[in-house]
Amino acid sequence: MDSMTFVLFGATGDLAKRKIYPALYNLYVDGKIPASFSVIGLGRRELSDAQFQSNVDQSLTDFSRRLSDDTAQREQFVNAFRYCSLNNAHPEDYKKLLDLVTAREEELNIPQNRLFYLSVAPEFFDVIALNINESGLGDTTGWKRLIIEKPFGHDLESARELNTNLSKAFEEDEIFRIDHYLGKPMVQNLEALKFANPLMQGIWNNKHIANVQITASETVGVEDRAGYYDTSGAIRDMIQNHMLQMLMMTAMSEPKQVTAKDIRASKRKVIEALRPLDEKSIQTDIIRGQYSAGEMKGTQVPGYTSEPGIGPDSHNDTFVAARLWIDDEQWKGVPFYIRTGKRMHEKSTRIVVQFKDAANNPYAANQEEIVPNLLVINIGPDEGVSLQLNSKNPFNDGKIGTINMNFSASQKDVPEAYERLIFDALRGDSTFFAHWNEVELSWQWVQPVLEAFEANRVTLHHYPAGSNGPEASDNLVAENGFTWWLDEKKASAANVAIHV
Ligand SMILES: NC(=O)C1=CN([C@@H]2O[C@H](COP(=O)(O)OP(=O)(O)OC[C@H]3O[C@@H](n4cnc5c(N)ncnc54)[C@H](OP(=O)(O)O)[C@@H]3O)[C@@H](O)[C@H]2O)C=CC1
Ligand SMILES: O=C1O[C@H](COP(=O)(O)O)[C@@H](O)[C@H](O)[C@H]1O
């Protein structure tokens, strides 16, 4: 691993303290970052190095998944941090930053390898890249890389504009666009599950698969992010990025080799083959929802429009379900359903693959109940895979019953998504970062939906907090003769479609 300088914009922010410092620390403890490294934290407020180091240390106490007993090691880690007060929009501040970065490189005698991490609001992404370029910070004799947080644009046009601006300062292979779902172990495991097992490889197609369901349900509501979420909604917050990324990872065909280039090429083929939505299919294949007041684990919670910071007339989507079609030979005729929502019954991210029924089922004549074979990939909070099969039940006169073969992947102390992703960026492996083509094509698919939502041309279904979303989402899968698998509890209260 190359020695390097980690330049962190937004070093006094929430993400830095909750995710980035603990991730760096755990990598350090595991010997996964170079012995000689320097971190330069940036923010507008004035802090001394000692104050900054103490804040970093506190964030480890508060958020690290583990703390080493070795206090000398922790001290050494924190000593690598320096702080520089900088306003993202002030070019003169970048000169000061360049001086500090260079001085530290000389002091530590390390090459000019610089990783710039933009943990700041998206409106700063362009201006920071521009200033890095113009100040000379980007003129290194080593490598330079940029890690950029979401959201990558607000719509297709702004994403393209952002990309054009970033590419004036960084090449595509220097840009690491974070989608933290790509850092989740079971999402990363999808390729191995499919391609390292001939059993799966042979049946991963429309001859054997009836439908695929990808769910990311959350129990939390808007929390304290009203300003961001009310202008984003589930469609931008989850569908454009995490959900489409999971769809690409699930549907992609075998890459030539297990390299970033080939995996990304396979993913790109999926998103390219995604059937575009027209006005008619937006009406039939997209379900928009918003939570109303309801009960979560015995506690009454307010509806979305009564949340702090949200106006009573908000039409924002807190739930989206969609039916997608991948128009290629492998997936022709197989519906892919995706859905995500806040204030739902349970926190669960999972992929359920339902296999087709056998063409000839000799047990049908005996009127025995044969259930579909299901492959369930649990992404979180529990991680694992289970396969639902039919089998004779010795305790029930040898009648056919359902068995589940379970593999639980949950382990204590596994690296978190940010840890894996930062480690990959440090070693220049972009496999689990979103390539610009994927981001652009995702926005392209989503764009007509954004416009239809904004013009209020899609029914907004209200679902009670604590339910599995609007009934319309159940109907979406029922139309093809399916049901959402593994929904523990159906909404008891009626769902109401209120207006168009
Ligand atoms: N928090 C989270 O869980 C997640 C966050 N993200 C993304 O990460 C990014 C950062 O989020 P988060 O940490 O929550 O944001 P915060 O609002 O907590 O932090 C923002 C940071 O930006 C700095 N900042 C703000 N304005 C300026 C400026 N003009 N010049 C220099 N620095 C400035 C602030 O420092 P100071 O006040 O000292 O100027 C602070 O360090 C965003 O893009 C967000 O969408 C993505 C996923 C999850
Ligand atoms: O990116 C985001 O993801 C979280 C859900 O992430 P998870 O890892 O807990 O599944 C979501 O709550 C948030 O709104 C969104 O911005």
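First listed ligand is number 1; within each ligand, the first listed atom is number 1. Source: prediction; values computed, not measured.
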Can the ring centres of Phe176 and Tyr117 be said to be less than 6.0 Å apart? no
Of all protein heavy atoms, the one nearest atom 43 (O) of ligand 1 is Val120 O, 2.7 Å
Which protein non-hydrogen atom lies closest to atom 23 (C) of ligand 1, naming both residue and atom, and how far is it? Gly10 CA, 4.1 Å
Ring centres of Trp204 and Phe195 under 6.0 Å apart? no
Check Leu86 against ligand 1 and report side chain, backbone, both or neither, counting heavy atoms closer than 4.0 Å. backbone
So which of Glu149, Lys19, Lys150 gets nearest to atom 45 (O) of ligand 1, if we judge by its closest heavy atom? Lys150
Going by the atom numbers of ligand 2, which of them fall below 4.0 Å from some non-hydrogen atom of Lys184? 7 (P), 8 (O), 10 (O)
Work out whether the distance between some heavy atom of His180 and some atom of ligand 1 is less than 4.0 Å. no
Would you say Phe9 contacts ligand 1, with heavy atoms under 4.0 Å as the rule? no
To which protein heavy atom is atom 1 (N) of ligand 1 closest, and what is the distance rounded to 0.1 Å? Asp14 OD2, 2.8 Å
Assess Lys144 against Phe170: is NZ or CZ under 6.0 Å from the centre of the six-membered ring, and within 45 degrees of the ring's axis? yes
Any salt bridge linking Glu107 with Arg104? Criterion: basic side-chain nitrogen under 4.0 Å from a carboxylate oxygen. yes
N or O pair under 3.5 Å between Leu15 and ligand 1: yes
Return yes if a side-chain donor-acceptor contact under 3.5 Å exists between Asn316 and Tyr304, otherwise no. yes
For atom 41 (O) of ligand 1, which of the options Ile128, Asn87, Thr12 provides the nearest non-hydrogen atom? Thr12
Sub-3.5 Å N/O-N/O distance, Arg44 and ligand 1: yes
Which protein heavy atom lies closest to atom 3 (O) of ligand 2, and at what distance to 0.1 Å? His180 CE1, 3.4 Å
So is Ala89 touching ligand 1 or not, going by heavy atoms under 4.0 Å? no
Close N or O approach (Gly13, ligand 1; < 3.5 Å): yes
Element-labelled atoms of ligand 2 that are located less than 4.0 Å from some non-hydrogen atom of Lys347: 7 (P), 9 (O), 10 (O)
For ligand 2, is any non-hydrogen atom under 4.0 Å from Tyr181's backbone (N, CA, C, O), its side chain (CB onward), both, or neither? side chain
Lys184 NZ/CZ over Tyr181 ring centroid, <6.0 Å and within 45° of normal: yes
Is there a heavy atom in Glu223 that sits closer than 4.0 Å to ligand 2? no
Charged tip of Arg145 within 45° of Phe116 ring normal and under 6.0 Å: no
Atom 12 (O) of ligand 2 sits nearest the protein heavy atom Glu218 OE1, 2.6 Å
Does the distance from a Lys or Arg side-chain N to an Asp or Glu carboxylate O, for Glu419 and Arg65, drop under 4.0 Å? yes
Any side-chain heavy-atom pair from Ile40 and Leu8 closer than 4.5 angstrom? no
Nearest protein heavy atom with distance in Å, relative to atom 14 (O) of ligand 2: Asp237 OD2, 2.6 Å
